[in-house]
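Reading through the structure tokens given below for one structure.
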Protein chains: 2
Amino acid sequence: MDFVNHLSTNNIKPSLQRIKIFEYLYDNREHPTVDTIYSDLVSDIPTLSKTTVYNTLKLFIDNGITSTVTIEDNEVRYDAIMEEHAHFKCDACGNVYDIEIDMSDLKFKKMNAFKVEKTNIYLKGKCNKCLITKN
Amino acid sequence: MDFVNHLSTNNIKPSLQRIKIFEYLYDNREHPTVDTIYSDLVSDIPTLSKTTVYNTLKLFIDNGITSTVTIEDNEVRYDAIMEEHAHFKCDACGNVYDIEIDMSDLKFKKMNAFKVEKTNIYLKGKCNKCLITKN
DNA sequence: TATAAAATTGTAATGATTACAAAATTATGT
DNA sequence: ACATAATTTTGTAATCATTACAATTTTATA
Ligand SMILES: [Mn+2]
Ligand SMILES: [Mn+2]
Ligand SMILES: [Zn+2]
Ligand SMILES: [Zn+2]
């Protein structure tokens with residue numbers, strides 16, 4: 001993955017901060033929060049500001065290379081994978097997993113009344129790892 | 001709909017505030033926010049406190065007679081309809097609509113790795129009313 | 001190199017939610 | 001009915017994530 005090129009082709013000037021933040025998002029698929037991103041990167045970029053993380057993620061979202069995962073009321077997570085997929089959060093370990101889904105299988109009724117542009121599917125429950133450990 | 005009975009059978013003592021708040025939620029299906037609920041009810045119950053609205057909604061959720069709709073990052077909405085359904089938000093008019101969905105049609109891959117207990121489906125786009133008006 | 005534009009940063013402001021303790025209401029036992 | 005305990009409601013203060021904004025730094029342009 002050529003991050004500089006990816007940013008450039010999406011009209012984002014590839015500054016050091018932007019490259020590092022996108023690289024972090026792409027490599028860390030657990031859908032991190034702003035705080036996690038900041039905490040993990042500040043040792044690498046000592047001058048990094050949390051405002052920059054907010055600004056940069058907003059820029060990524062506006063330019064379509066990042067999306068938000070709001071599976072929980074009180075935390076916004078970020079995702080660099082733009083292919084359509086669903087999310088599962090285990091309420092035991094707190095991990096958020098990607099779920100493959102065939103959107104063509106989704107059959108809604110009365111959908112002729114709406115023009116759907118974006119679909120978010122959020123599942124919650126227990127992951128197998130937690131189910132096994134608990135028993 | 002007998003609200004007093006509904007609260008009682010769900011282990012919620014039916015105080016005036018609780019009855020009015022649930023009644024409001026049940027009658028106003030547009031998925032209101034805490035602020036909307038408070039603003040609309042305070043004329044009816046002049047002593048009402050916003051803290052009570054928060055407390056009461058949390059109580060409803062804990063006892064399974066209300067759920068949250070977090071289709072947008074920055075606003076929590078509430079819903080007294082507990083039958084499984086999806087939500088659509090029109091980004092033109094801002095309305096949040098209920099969508100009937102047959103959950104049995106949902107086919108996820110690799111779902112053997114998870115025990116799903118709750119499913120939230122959020123759709124966004126334009127409602128027909130807004131599409132027609134714009135053209 | 002000088003100047004302008006863009007990006008980053010730190011701090012302050014905002015706004016939603018929660019914590020908490022006092023006041024009010026309701027239930028219980030005599 | 002009265003006293004006391006338990007529950008509910010309320011108002012205020014604290015918390016926490018996010019945004020606004022202006023100063024500083026970096027990058028681009030002539
Ligand atoms: Mn994902
Ligand atoms: Mn609904
Ligand atoms: Zn788990
Ligand atoms: Zn609309």
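Just so it is clear, the structure is predicted and the values come from calculations on it, not from any experiment.
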All N/O contacts under 3.5 Å from nucleotides 21-27 of chain C to the protein, with atom names and distances to one decimal?
none

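- Between the CG atom of B:L57 and the P atom of D:dT9 there is a distance of 12 Å, rounded to whole Å.
- Side-chain atoms of B:T52 do not come within 3.5 Å of backbone N or O of B:L48 as any donor-acceptor pair.
- In this structure, B:N11 atom CG and D:dT8 atom P are separated by 12 Å, rounded to whole Å.
- For the 3.5 Å distance criterion, the side chains of B:H87 and B:D79 qualify, holding a donor opposite an acceptor.
- We find that CZ of A:F60 is positioned 13 Å from C1' of C:dA7, with the value rounded to whole Å.
- Distance alone, capped at 3.5 Å, places no donor-acceptor pair between the B:D91 side chain and the B:K126 backbone.
- Taking atom CG on A:D62 and atom P on C:dA7, their separation rounds to 13 Å, with Å as the unit.
- A salt bridge is defined here as a Lys NZ or Arg NE, NH1 or NH2 lying under 4.0 Å from an Asp or Glu carboxylate O, and B:K20 with B:D44 meets this definition.
- Taking the six-membered ring for Trp and thresholds of 30 and 60 degrees, B:Y26 and B:F3 have ring planes more than 60 degrees apart, a perpendicular arrangement.
- Counting only N and O atoms by type, the side chains of A:T36 and A:T33 include a donor and acceptor under 3.5 Å apart.
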Under 3.5 Å, which protein N or O atoms sit close to an N or O of nucleotides 9-17 of chain C? Give each pair with its distance.
residue, atom, partner, partner atom, Å
C:dT9, OP1, A:Q17, NE2, 3.3
C:dT9, OP1, A:T47, O, 2.8
C:dT9, OP1, A:T47, OG1, 2.8
C:dT9, OP1, A:L48, N, 3.4
C:dT9, OP2, A:S49, N, 3.3
C:dT9, OP2, A:T52, OG1, 2.7
C:dT9, O5', A:T47, O, 3.1
C:dG10, O6, A:T51, OG1, 3.4
C:dT11, O4, A:T51, OG1, 3.3
C:dT17, OP2, B:Y54, OH, 2.4
C:dT17, O5', B:Y54, OH, 3.3

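- Per the geometry, CG belonging to A:D73 stands 18 Å off P belonging to D:dC16, to the nearest Å.
- Here the P atom of nucleotide C:dT8 and the CG atom of A:L59 are 9 Å apart, to the nearest Å.
- Under the rule for a ring-ring contact (aromatic ring centres under 6.0 Å, His included), the partners of A:F60 that lie at least two apart in sequence or sit in another chain are A:F22.
- When atom types are taken as modelled, the side chain of A:R77 and the backbone of A:E72 share no donor-acceptor pair closer than 3.5 angstrom.
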